[in-house]
Amino acid sequence: MRLVAEQLTVNFGGLLAIADVDIDIGPGEIVGLIGANGAGKSTLVNVLSGFQKTRTGSVKLGDSVLLGLSPDRIARAGVVRTFQSVRLFSGISVRDNIAAAAAVLGSGSESVDTLLELLDLADRPDSDAGSLPYAHQRRLAIARALALKPKFLLLDEPAAGMSPDEIEDLDRTLVELRDRTGMGLLLIEHNINLVMSICERLVVLDGGRVIARGDPDAIKSNTAVKNAYLGTEGGGH
Amino acid sequence: MRAAIPTLVILVVMILAVSLLGVFGSPLLLRVVIGAMINLVVVIGLSIFIGNSGILSFGHASFAAIGAYSAAWFTLPITMKKIFLPSLPAFVLSTQVGLAGGAAIGAVTAAITAAVIGVVIVRLSGIAASIATLAWLAIVHSVFSNAEALTKGTSSLVGLPIETNLFVATFAAILALVVAFLFRFSRYGLMLQASREDEAAALASGIPVRQLRLVAFVISAAVVAIAGVLKGHFLGILAVGQFYLEFTFLSLAMLVLGGMRSLSGAVVGTFAVAGIAEILRILSSGFEIFGLEVVAMPGLREIGLAIMMLLILLVRPMGITNGRELTLPWKRKTANELPITNDRTG
Ligand SMILES: Nc1ncnc2c1ncn2[C@@H]1O[C@H](COP(=O)(O)OP(=O)(O)O)[C@@H](O)[C@H]1O
Ligand SMILES: [Mg+2]
């Protein structure tokens, strides 16, 4: 079952946040979504996850139509996103952050424990989520999303603010997860080396439009991408 | 749920302890304790919605009114009904049920009403939802004040059998506590609390936020309605004004002061405010100290309560319990006492 979006356009009072964007992710695939700040990456994730309404285009998971469904129904259908701004349930415990999402499927506490281990959060499961260090918070957001057993996981800058070591760990975890569960991943990431190393395919947005797509080597040598983005990578954060 | 059992036990013991004050105290104290138990049912009912969803409701007094009056239509002795409310439907005029039956009728009527109005309220979030509950209260108050045939309008409805005693009130408080406990520590309670922390993140986690809010709203309306029924059958008299702004202010003060986010907060807050309100009430009627006569100060209770609320909230913005549940000292998590440095950068 593939996640296929076609011809998505979002307009904020005259500002084209995304225009005619197509994206297609297969099971087990890791697709990178890159582009400078304001390119429309988060907007695309918002549309795919039902947080941003749009009248044009289509979003489908296999044969079922996702566009127009509420965000919670899309998440239950298996397309789950994380937020660039993390958005944990700050006042409740680390364990309960995951348990709340697991409760949607009626999953028990073993699956919560497994996720705590997997994302290296098992050392303080009873702390309030809001009191965790930043990198832990990012990992908890991913653990919470995984509690829904997603078919497709959309990660909006999961590594922002992490140290290179933490990024490498996260990187390894994501690939391992993909191998184990066969889920598809859409990864928004500014760290170009990370994206190039783990993604099979990349989509490059600029000014809300797709300016290039293809495998990492093709993207590296694409002149349009070089001009629009790679050249400015240092400042693209 | 199992980990929270000590909390339930502690709260039940607290309720029983307060109840014992009534058993061994003066007749006046007995009345105060019964009143506090009825308030506790209100506040626990409120906390089922407010505590879990994070949406402040100013409208729950309406459900107490709906419960109280719909029960009274059936519990009033038939002879009295024919005199006071002659235009009730014939089958109501010819039926009489006891307090338990009345409570069931009140709870079901309020729950059905809440399910209808709740559909509108749960579509809103934050302050908009709260304002909607206030508007709802105004509607119900206005309808009840004018529905002469059902409520005797602005005059009082008298003759309700006085059946709310200490045992009944304590039993209702413990029942309300158990209902609230089961909901709070169920998976539905957890999901709703998650939406309280961050609605968008809850939706992104697949949580059906509106539906859960509605469920909590209906359960909490039913519990508050039972308190309304008990109140009517405690005083023997119903007036629409009993279920309006003062009722709303006092019950919210109890909840906020105790700590909105925990069930322990509802219990601690109710007893603390009820106790202080009673002391202030006694003081406000004037007293003598060292031969000096302090004159009666009407309004001292309201002003004193308001000032106390301000002071407590200044020191503990999350209420007396700080939004935590009471538990056995050795079960308290050390993690929360050792704040972890937060090197948040973005
Ligand atoms: N809710 C909104 N209202 C108005 N403009 C928005 C809104 N969300 C995003 N935008 C604008 O849309 C463009 C794309 O934003 P975004 O998708 O967040 O970019 P990215 O995630 O690639 O940095 C930006 O110009 C941004 O200012
Ligand atoms: Mg973004």
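Scope of the values below: all heavy atoms of this structure, side chains included, with no hydrogens, waters or symmetry mates. All values reported here derive from a predicted model rather than from experimental measurement. Just so it is clear: chains get the letters A, B, ... in the order the sequence lines come, proteins before strands, and each one is counted from 1.
The neighbour count for B:Arg316 CZ, taken as heavy atoms of other residues, nucleotides or ligands under 6.0 Å away, is above 12. Heavy atoms from other residues, nucleotides or ligands lying under 6.0 Å from CZ of A:Arg73 number 12 at most. Shown here is B:Tyr188, whose OH atom has no more than 12 heavy atoms of other residues, nucleotides or ligands within 6.0 Å.
Taking all atoms of both residues into account, the shortest heavy-atom contact from A:Ala103 to B:Arg187 is O-NH2, 2.7 Å. The minimum heavy-atom distance linking B:Gly206 with A:Arg76 is given by the pair O-NH1, 2.7 Å. Taking both residues in full, the closest heavy atoms of A:Arg81 and B:Ala204 are given as CD-CB, 4.0 Å, listed atom of the first, atom of the second, then distance. Among all heavy-atom pairs drawn from B:Ala201 and A:Phe83, the shortest one is CA-CE1, 3.8 Å.
Chain B forms the most heavy-atom pairs under 4.5 Å with one residue out of A:Ala100, A:Ser90, A:Ala75, A:Ser85, and that residue is A:Ala100. When each of A:Ala145, A:Ala147, A:Gly106 is checked for heavy-atom pairs under 4.5 Å with chain B, A:Gly106 comes out on top.
The side-chain heavy atoms of A:Asp72 and B:Ile207, taken from C-beta on, include no pair separated by under 4.5 Å. In this structure the side chain of A:Asn97 never reaches within 4.5 angstrom of the side chain of B:Glu197, judged on heavy atoms.
Of the possible donor and acceptor atoms, none in the side chain of B:Arg196 sits under 3.5 Å from a partner among the backbone N and O of A:Gly91.
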Could you go step by step and tell me if B:Ser195 and A:Phe89 meet the side chain to side chain contact (heavy atoms under 4.5 Å, CB included) rule?
CA-CA 8 Å; B:Ser195 80; A:Phe89 307 134; over 6 Å; no
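Contacts between A:Ala141 and chain B at a heavy-atom distance below 4.5 Å are absent for every atom of the residue.
Between the CG atom in A:Leu88 and the CG atom in B:Asp198 there is a gap of 8.5 Å [rounded to 0.5 Å].
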